Visitor: 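My questions will all concern the structure given below.
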Amino acid sequence: MAKFSYQHESILLLLLLILSATIGWFNPAFFGPGNLLSILKSCAIPGILALGTLLVLLSGNIDISFPAIAAASMYVTCKLALSAPWLDQMTLLVLLSATIGCLLGLANGVLVHCFNLPALIVTLGTGSLIRGGLLAFVGTRIVANLPSSMIAFSKATLFPIQDAGGQSTGLAISVVIYFVLALVTHLLLMRTMLGRGIYALGGAPESARRIGFPILGIQFFIYSFVGLLAGIAGILHASTVRNANPFDLAGLELTVIAAVVLGGTSITGGRGSVLGVMLGVALLVVLGNSLILLGLPSHWHQVASGLALILGTGLTAWRSRKGQSERGV
């Protein structure tokens, strides 16, 4: 697994460097500090969602409800904050949104494990249920007057610099949160028994049960963790765009899953890494940025995501078959 991961990540890094160099050759502004910081900021939200998707795919399942969970968590949190001024602190808002997302994710875990239902069908259903319930019972209006702490958070940056136009820019706090969550997820997978159980569940579920891994607890944790990350991503997204739109993030699951698979995560489970996911997200974001610089319409971004998903799945399957043939399997 380590050898595969290293080789795949090396290929991704090389592709990312070649793509960046090519774009920079045609448009030197690509390597400007402002643009590079903007690319990092664009990686934060899909990157956080991709970390949760990584865990689900590693376990041999799939979750497509996380955009709905993210939208519901951030919208409900913003509505509650506006009705309760004492909640107007970014730390409290993040914790509240993460808690809502965690509970919604846990519901997925209960349905998948306790009722032995396919994860794809469950999350397809819960995603529709969450969005429908949000629109029917909570509201459909865009919340434009966000809590003041969210507005202040969206403006806060680290290491401020001035770009070529004289405007001040810097590293967004959401990027720092993304990197911290990536590190936590990496340590969880590589240094804990829980992480080993997640890999084992996706690689050989029956063997994982016989060894004694707590399958119930692992699955509950995975879906709760996905929901928690979705809640965090949702509130950060609302702060970034400075409004809470219940229709936001719809359709993002294709891009996120494509990035995770492109990063070397096996769609059948048991293989993948945080670094690969981060490189996959960066590659898709840079590719999208290049399409914008070329002036292509936004629907070409979906074409690029679809091609990346096919390419990532095909490359993973090819390397898996190659590894089996080398072992004489």
Side-chain angles (χ1 to χ4, degrees), residues 4-51 53-54 157-179 182 236-237 240-241 251-252 254-265 272-319:
F4 170 88
S5 177
Y6 173 79
Q7 291 178 344
H8 191 92
E9 290 160 358
S10 298
I11 293 172
L12 277 182
L13 180 59
L14 180 61
L15 288 175
L16 182 60
L17 293 175
I18 292 174
L19 178 61
S20 300
T22 303
I23 300 171
W25 176 268
F26 289 102
N27 190 342
F30 176 83
F31 289 113
N35 187 63
L36 293 178
L37 289 171
S38 176
I39 289 175
L40 282 176
K41 187 177 181 179
S42 299
C43 289
I45 305 305
I48 293 172
L49 294 172
L51 294 174
T53 303
L54 168 66
T157 58
L158 298 175
F159 315 114
I161 58 174
Q162 284 192 340
D163 58 19
Q167 295 183 342
S168 178
T169 185
L171 183 66
I173 306 297
S174 57
V175 177
V176 178
I177 295 175
Y178 169 40
F179 286 158
L236 294 181
H237 169 78
T240 300
V241 300
L252 189 60
L254 172 62
T255 301
V256 171
I257 293 174
V260 176
V261 174
L262 185 62
T265 304
S273 71
V274 170
L275 180 57
V277 167
M278 296 180 74
L279 288 172
V281 170
L283 189 59
L284 284 186
V285 169
V286 170
L287 184 60
N289 183 271
S290 68
L291 295 177
I292 293 174
L293 293 176
L294 291 174
L296 294 176
S298 59
H299 57 259
W300 282 101
H301 298 183
Q302 295 181 345
V303 174
S305 297
L307 289 174
L309 181 59
I310 295 173
L311 176 63
T313 304
L315 182 59
T316 302
W318 176 76
R319 296 195 68 86

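All of these numbers come straight from a predicted model, not from anything done at the bench.
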Visitor: Which heavy atom of A44 sits nearest to which heavy atom of S174, and what is that distance?
Guide: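 Heavy atoms of A44 and S174 come nearest at CB-O, 3.8 Å.
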Visitor: Are any non-hydrogen side-chain atoms of P33 and T169 less than 4.5 angstrom apart?
Guide: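 Side chain of P33 against side chain of T169, heavy atoms only: no contact under 4.5 Å found.
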Visitor: Can you tell me how far apart CG (L284) and OG (S42) are? Round to the nearest 0.5 Å.
Guide: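 Those atoms lie 12.5 Å apart.
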Visitor: Considering all heavy atoms of both residues, which atom of L12 and which atom of G280 are nearest to each other, and what is their separation?
Guide: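 The answer is CD1-N, 4.2 Å.
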Visitor: Looking at T240 and L236, would you say the former's side chain and the latter's main chain have a donor-acceptor pair under 3.5 Å?
Guide: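 Yes, because the side chain of T240 sits within donor-acceptor range (under 3.5 Å) of the backbone of L236.
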Visitor: Nearest 0.5 Å, please: how far is CZ in F31 from CD1 in I23?
Guide: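 CZ of F31 is found 8.0 Å from CD1 of I23.
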Visitor: For the atom pair CG (L37) and CG (L171), what is the distance rounded to the nearest 0.5 Å?
Guide: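 Interatomic distance, L37 CG to L171 CG, rounded to 0.5 Å: 6.0 Å.
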Visitor: Give the minimum heavy-atom separation between L49 and L252, together with the two atoms involved.
Guide: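 The pair with the smallest heavy-atom distance is CD1-CD2, 3.4 Å.
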Visitor: Not counting sequence neighbours, which residues clear side chain to side chain contact (heavy atoms under 4.5 Å, CB included) with T22? List them please.
Guide: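 Once residues adjacent in sequence are excluded, the partners of T22 under the side chain to side chain contact (heavy atoms under 4.5 Å, CB included) criterion are I18, F26.
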Visitor: Given I11, which of L15, L13, L14 fulfils the side-chain contact (heavy atoms from CB on, under 4.5 Å) condition?
Guide: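 Between I11 and the candidates, side-chain contact (heavy atoms from CB on, under 4.5 Å) is satisfied uniquely by L15.
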Visitor: How far does SG of C43 sit from CE of M278, to the nearest 0.5 angstrom?
Guide: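 The CE atom of M278 is 8.5 Å from SG of C43, to the nearest 0.5 Å.
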Visitor: Using atom types as modelled and distance alone, determine if a side-chain donor or acceptor of S273 lies under 3.5 Å from a backbone N or O of G276.
Guide: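 Yes, the answer is positive, given that a donor and an acceptor are paired below the 3.5 Å cut-off.
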Visitor: What's the separation between atom CG in L54 and atom CD1 in I257, rounded to the nearest 0.5 Å?
Guide: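 With rounding to 0.5 Å, CG (L54) is 12.0 Å from CD1 (I257).
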Visitor: Check whether any side-chain heavy atom of L275 lies under 4.5 Å from a side-chain heavy atom of L279, and answer yes or no.
Guide: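 L275 vs L279: side chains touch.
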Visitor: Out of curiosity, L262 CG to T255 OG1, how far, rounded to the nearest 0.5 Å?
Guide: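 Interatomic distance, L262 CG to T255 OG1, rounded to 0.5 Å: 11.5 Å.
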Visitor: Which heavy atom in V286 sits nearest to a heavy atom in F30, and how many Å separate them?
Guide: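 The answer is CG1-CZ, 3.9 Å.
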Visitor: What pair of heavy atoms forms the shortest contact from A50 to V281, and how long is it?
Guide: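 So the minimum-distance heavy-atom pair works out to CB-CG2, 3.9 Å.
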Visitor: Is any side-chain heavy atom of Y178 closer than 4.5 Å to a side-chain heavy atom of L40?
Guide: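 Side chain of Y178 against side chain of L40, heavy atoms only: no contact under 4.5 Å found.
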